[in-house]
Amino acid sequence: MSWLSQAAALAERATVGLVPAARRDWAEAIWAEAREVPPGWQRLAWRAGGVRLIVREGQMVRRIGTLLLFTAAAGAAVWSAWPDSASHAAMVRADIIGAVLLLAALPLLSRGCSGRLTTGWPGGSGPAATPRTWP
Amino acid sequence: MGSRPQFSPQTLSVLAALHEQPSAWQHGYALARQTGLKSGTLYPILIRLADRGLVEACWQEEPVPGRPRRHLYRLTADGLATATAAVAEAEPARAKARPGVSPRRGRGIAAPSVP
């Protein structure tokens with residue numbers, strides 16, 4: 001097996017973990033089937049389909065969008081509130097950082113208290129929470 | 001209740017491909033070749049069909065040495081009934097749209113005409 005194939009196999013195994021547990025069989029299936037496809041463009045196209053499946057089933061667009069949105073909002077909040085040279089600047093900075101960390105941890109805390117609401121995060125499972133988009 | 005879901009042409013082509021050998025387990029690549037669908041389209045369709053209980057999937061028990069196990073698919077009893085009805089319903093439209101073309105070679109079955 002060439003180094004390229006080994007790298008592809010490693011990447012495939014890693015991406016399977018991005019999919020909710022209930023969908024991992026399907027992600028593994030598409031990667032396993034890739035080895036049956038003639039090498040070259042056909043196999044590449046098959047693997048591109050696998051990436052598409054993982055992005056879709058792992059709700060990656062939504063997760064990346066949420067992350068970017070949070071990062072932008074947190075950045076804007078920090079930028080607007082960051083003290084230039086106040087007498088108690090260190091305390092204000094600590095407050096800001098604490099508030100951002102608290103906001104970041106809030107989804108995890110609420111999930112711990114009230115149970116899982118969505119399955120969009122790694123390790124989540126259950127087709128019931130997956131958007132029902134009938135093809 | 002009682003109303004059958006309207007399938008997309010791509011889903012119909014998958015149902016038709018599975019319907020041709022209802023008792024046989026089929027591989028994803030074989031289905032892709034039969035239907036002309038890309039993997040990124042075929043697998044989401046198979047997933048939805050499996051979620052609806054129309055398709056069952058299993059892993060190959062005795063894989064070829066040196067190769068990973070393959071995932072296999074076939075219609076369930078419900079799936080067979082649904083596919084039979086859906087294919088029969090789509091047949092006139094397909095025959096009208098592409099006379100002389102086998103459904104296996106086409107890129108799918110034409111959707112039933114909607115009034």
Side-chain angles (χ1 to χ4, degrees), chain A residues 1-2 5-6 8-16 18-62 119 125-135, chain B residues 3-15 17 25-74 82 86 107-109 111:
Chain A
M1 190 187 280
S2 70
S5 304
Q6 282 180 330
L10 274 175
E12 286 167 4
R13 274 199 291 273
T15 54
V16 167
L18 297 172
V19 180
R23 296 285 195 238
R24 278 182 199 155
D25 270 4
W26 294 95
E28 283 178 28
I30 203 167
W31 293 139
E33 205 64 17
R35 286 161 180 79
E36 306 298 327
V37 179
W41 285 112
Q42 276 185 289
R43 189 175 289 180
L44 196 64
W46 186 274
R47 286 193 160 130
V51 171
R52 192 176 150 200
L53 178 84
I54 284 165
V55 166
R56 185 174 164 164
E57 295 301 323
Q59 300 181 8
M60 302 298 288
V61 173
R62 185 176 149 196
T119 58
S125 63
T130 310
R132 290 284 174 178
T133 48
W134 188 246
Chain B
S3 63
R4 230 163 11 81
Q6 291 292 312
F7 297 112
S8 68
Q10 291 85 359
T11 304
L12 269 175
S13 69
V14 174
L15 286 173
W25 291 97
Q26 299 196 51
H27 302 121
Y29 182 50
L31 286 172
R33 282 195 303 177
Q34 266 185 283
T35 58
L37 296 175
K38 294 184 170 126
S39 59
T41 306
L42 172 67
Y43 277 82
I45 288 173
L46 287 171
I47 290 172
R48 308 303 166 213
L49 290 173
D51 283 350
R52 287 200 162 198
L54 302 179
V55 164
E56 56 184 331
C58 75
W59 287 100
Q60 191 176 27
E61 285 178 7
E62 295 173 5
V64 178
R67 291 195 177 245
R69 287 182 309 160
R70 297 174 78 180
H71 216 208
L72 306 167
Y73 315 99
R74 75 176 179 188
T82 304
R107 178 150 177 116
I109 295 176

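Because only heavy atoms are used, hydrogens play no part in the values below, and waters and symmetry mates are left out as well, while side chains stay in. In the text below, chain A, chain B and the rest are named by the order of the sequence lines, each starting its count at 1.
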Next on the checklist: At a 4.5 Å cut-off on heavy atoms, which part of Leu53(A) comes close to chain B: side chain, backbone, both, or neither?
Outcome noted: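 Contact with chain B involves the side chain of Leu53(A) alone.
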Report the distance from atom [atom1] of [X] to atom [atom2] of [Y], rounding to the nearest 0.5 Å.
| X | Y | atom1 | atom2 | answer |
| --- | --- | --- | --- | --- |
| Glu33(A) | Arg67(B) | CD | CZ | 10.0 Å |
| Arg43(A) | Tyr29(B) | CZ | OH | 9.5 Å |
| Ile47(B) | Ile30(A) | CD1 | CD1 | 8.0 Å |

Item to check | Sub-4.5 Å side-chain heavy-atom contact between Glu36(A) and His27(B) | outcome: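 Side chain of Glu36(A) against side chain of His27(B), heavy atoms only: no contact under 4.5 Å found.
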Item to check | Test ring pair (Phe, Tyr, Trp, His ring centres under 6.0 Å) applied to Trp31(A) - qualifying residues, sequence neighbours left out | outcome: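 Expected list: none.
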Next on the checklist: Which label fits His71(B) and Trp26(A): parallel for a plane angle under 30°, tilted from 30 to 60°, or perpendicular past 60°?
Outcome noted: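 Rings of His71(B) and Trp26(A): perpendicular, as their planes differ by over 60°.
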Next on the checklist: Does anything in residues 31-52 of chain B form a ring-ring contact (aromatic ring centres under 6.0 Å, His included)? List the pairs, not counting sequence neighbours.
Outcome noted: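 Those involving residues 31-52 of chain B are Trp46(A)-Tyr43(B).
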Item to check | Electrostatic pair Asp25(A)-Arg69(B), nearest N-O below 4.0 angstrom | outcome: no
Checklist entry - Heavy-atom distance under 4.5 Å to chain A: side chain of Leu72(B), backbone, both or neither? => result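 Contact with chain A: none, neither part.
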Checklist entry - In terms of heavy-atom pairs under 4.5 Å with chain B, which of Ala29(A), Ala34(A), Ala48(A) leads? => result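 That would be Ala29(A).
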Checklist entry - With distance as the sole test, does Arg56(A) use its side chain to make a donor-acceptor pair with the main-chain N or O of Pro44(B) at under 3.5 Å? => result no
Checklist entry - So which heavy atom on Ser39(B) is nearest to which on Gly49(A), and how close? => result OG-CA, 3.2 Å
